[in-house]
Amino acid sequence: MYYSKGLPNPLLKPDGTLVKDVQEWEAQKAYLRGVVQEHMYGTWPGKAEKVEALSVTTEDVFNGTAILEKVELAVTYGGTTFTMDVRIHRPKDHEKHPTIINNGITYDPSFQLQNPYQPEVAKRGYVLATFLMADIVPDYQLRQYYPNLPVDGSKLRPKLPCRTIMAWAWGHSVVADYIETRDFAGPLISTGASRGGKAALCAAIFDERFVVAAPTISGCGGTGAARFCGTIDGSRQDSVRCETIGRVGEVFPDWFTDQYATYGTHEEPFAIGDEVNSFPLDANILRALWSVRTVKRIIGAIPLVRSWHGWRRSRCLICWACRKRMLSICARACTPLMRSTGLPCWLSATSCSGMNAPNPAKR
């Protein structure tokens, strides 16, 4: 039985030996994806059988500097065809642009949940494609925060072999299938906030077309360490005010597998208990599965979201790879992360063994 009071080592193979080169790391990633599916998300659905646009309407936005496309997609999966409503903001040119795929809650402006940075995104040469998570799985629990949030329970939706977080993540891949048919499609980026951040993380783990992942305030089950959580200033452990496996399993039981919930306590205040030490994963492994791509983790000052203490404990993309010269793919894989966060790696890249590794900036 697995047991560890510290962060699990992503380089520890099933036979008890350590990964020693990039080729072995590729095999280890496949193994770890299996562990992640069993203990967190369920089974990755794979590609949709068919994705096509039923309708596309366009209009000028942002004082004529960009174009908004409203796209209705018809998606077939498992013999069921359902629709997805995608909004695409893009620059007014015919060039290829990095494309951010974002998950959203509603397009209804009365909820004031729209992205206020859309004009700036287009101005800087990005495409922003947003889909509604409710088109995949309805988010009934969100009504505790937004009682008037419209949720169409009668809408036809796919039957997927996974839990809700992975189902929303799969929505990123479906939209990517469509985006790749468009002339403007450039490198793909996954993002989302809170529960959407957890989904954006999952999408990047299982779909390597996403060269950058930017989960925002994703908390427990996201980029926050399950074994460590604390106050914003990192001064002390605080599992009462922070999101934990126990709290997630109790409040949002459909997000992750039943097995995931067993690694948390199920009584208030859902503090981190000894159960978590049997969890064979943690945030450092989830981020290791992005290597050698780039991850940008964004933290918000929200009490119930995993914050600085957990970030310090698992801050490097593949921080275990830096320790004791275990695997030098960190030498280049960590570089873009450190540039984007301004945080140092646990050990400098020069302490690694010098093995050549792919440069994520050139992928």
Determine yes or no for a side-chain-to-main-chain donor-acceptor pair under 3.5 angstrom, with [X] supplying the side chain and [Y] the backbone.
X: R90; Y: T99; value: no
X: N284; Y: P8; value: yes
X: K123; Y: A66; value: no
X: D135; Y: D85; value: yes
X: D282; Y: L7; value: no
X: D207; Y: R209; value: yes
X: S190; Y: A200; value: yes
X: R33; Y: I205; value: yes

[X] and [Y]: which non-hydrogen atoms are nearest, and at how many Å?
X: H172; Y: A203; value: CB-CB, 3.7 Å
X: N103; Y: A193; value: OD1-N, 4.4 Å
X: A176; Y: F210; value: CB-CZ, 4.2 Å
X: I245; Y: G264; value: CG2-N, 3.7 Å
X: Q37; Y: T257; value: O-CG2, 4.1 Å
X: Q259; Y: E38; value: CB-O, 4.0 Å

Are [Y] and [X] linked, directly or through intermediate hydrophobic residues, by side-chain heavy-atom contacts shorter than 4.5 Å (ILVMFWY only)?
X: V121; Y: L68; answer: no
X: F82; Y: V86; answer: yes
X: V127; Y: F62; answer: no
X: F131; Y: I67; answer: no

**Criterion side-chain contact (heavy atoms from CB on, under 4.5 Å) on E180 and L188, from CA distance to verdict** = CA-CA 9 Å; E180 288 189 328; L188 297 179; 4.2 Å; yes
**Request:** Go through the steps for L132 and M84 under the test side-chain contact (heavy atoms from CB on, under 4.5 Å), then give the verdict.
**Result:** CA-CA 7 Å; L132 296 181; M84 291 180 65; over 6 Å; no
Could you work out, with side chain to side chain contact (heavy atoms under 4.5 Å, CB included) as the rule, every residue matching [X], not counting sequence neighbours?
X: E95; value: D93, H97
X: L156; value: T80
X: A261; value: H266

**Request:** Evaluate side-chain contact (heavy atoms from CB on, under 4.5 Å) for F184 paired with I88, printing each intermediate quantity in order.
**Result:** CA-CA 11 Å; F184 59 73; I88 300 173; 4.1 Å; yes
Enclosure of [X] [atom1] (heavy-atom neighbours >12, cutoff 6.0 Å):
X: K96; atom1: NZ; answer: yes
X: E268; atom1: CD; answer: yes
X: Y126; atom1: OH; answer: no

Min side-chain heavy-atom separation [X]-[Y] under 4.5 Å:
X: P187; Y: V212; result: no
X: P138; Y: R157; result: yes
X: V75; Y: T83; result: no
X: H89; Y: T130; result: no

**Request:** Only pairs at least two apart or in different chains count here, so list each salt bridge (charged side-chain N to carboxylate O under 4.0 Å, His left out) that has a residue in residues 248-261.
**Result:** R163-D258
**Request:** For residues 185-200, pull every pair meeting salt bridge (charged side-chain N to carboxylate O under 4.0 Å, His left out), keeping only residues two or more places apart or in separate chains.
**Result:** D139-R195, K198-E243
Rounded to the nearest 0.5 Å, what separates atom [atom1] in [X] from atom [atom2] in [Y]?
X: N277; Y: R227; atom1: CG; atom2: CZ; result: 5.5 Å
X: H39; Y: T262; atom1: NE2; atom2: OG1; result: 8.5 Å
X: I272; Y: T244; atom1: CD1; atom2: OG1; result: 6.5 Å
X: S218; Y: L201; atom1: OG; atom2: CG; result: 6.0 Å
X: S173; Y: I101; atom1: OG; atom2: CD1; result: 8.0 Å
X: I100; Y: I179; atom1: CD1; atom2: CD1; result: 11.5 Å

**Request:** List for me each residue that meets ring-ring contact (aromatic ring centres under 6.0 Å, His included) alongside Y178, sequence neighbours excluded, and say none if there are none.
**Result:** none
**Asked** Under the ring-ring contact (aromatic ring centres under 6.0 Å, His included) test, which residues partner Y260, sequence neighbours left out?
**Response** F256, F279
**Counterpart residues, side-chain hydrogen bond (donor to acceptor under 3.5 Å, both in side chains), relative to Q28 (two or more places apart)** = none
**Asked** How would you list, by chain and number, every residue that makes a side-chain hydrogen bond (donor to acceptor under 3.5 Å, both in side chains) with D183, sequence neighbours excluded?
**Response** none
**Asked** With sequence neighbours left out, what residues match K92 under salt bridge (charged side-chain N to carboxylate O under 4.0 Å, His left out)?
**Response** D60
**Request:** Identify, with sequence neighbours excluded, every residue that meets salt bridge (charged side-chain N to carboxylate O under 4.0 Å, His left out) alongside E24.
**Result:** K13, K20
**Message:** Which label fits W255 and W168: parallel for a plane angle under 30°, tilted from 30 to 60°, or perpendicular past 60°?
**Reply:** perpendicular
**Donor on one side chain, acceptor on other, T17 and D15, under 3.5 Å** = yes
Side-chain donor/acceptor pairs under 3.5 Å, residues 40-59, sequence neighbours excluded:
unit_1 : atom_1 : unit_2 : atom_2 : d
K47    : NZ     : D177   : OD1    : 2.8
E49    : OE1    : G79    : N      : 3.4
E49    : OE2    : G78    : N      : 2.5

**Prompt:** Would L160 and I136 count as a side-chain contact (heavy atoms from CB on, under 4.5 Å) if you check the C-alpha gap in whole Å, the side-chain angles of each, and the deciding distance to 0.1 Å?
**Reply:** CA-CA 9 Å; L160 302 174; I136 309 294; 3.9 Å; yes
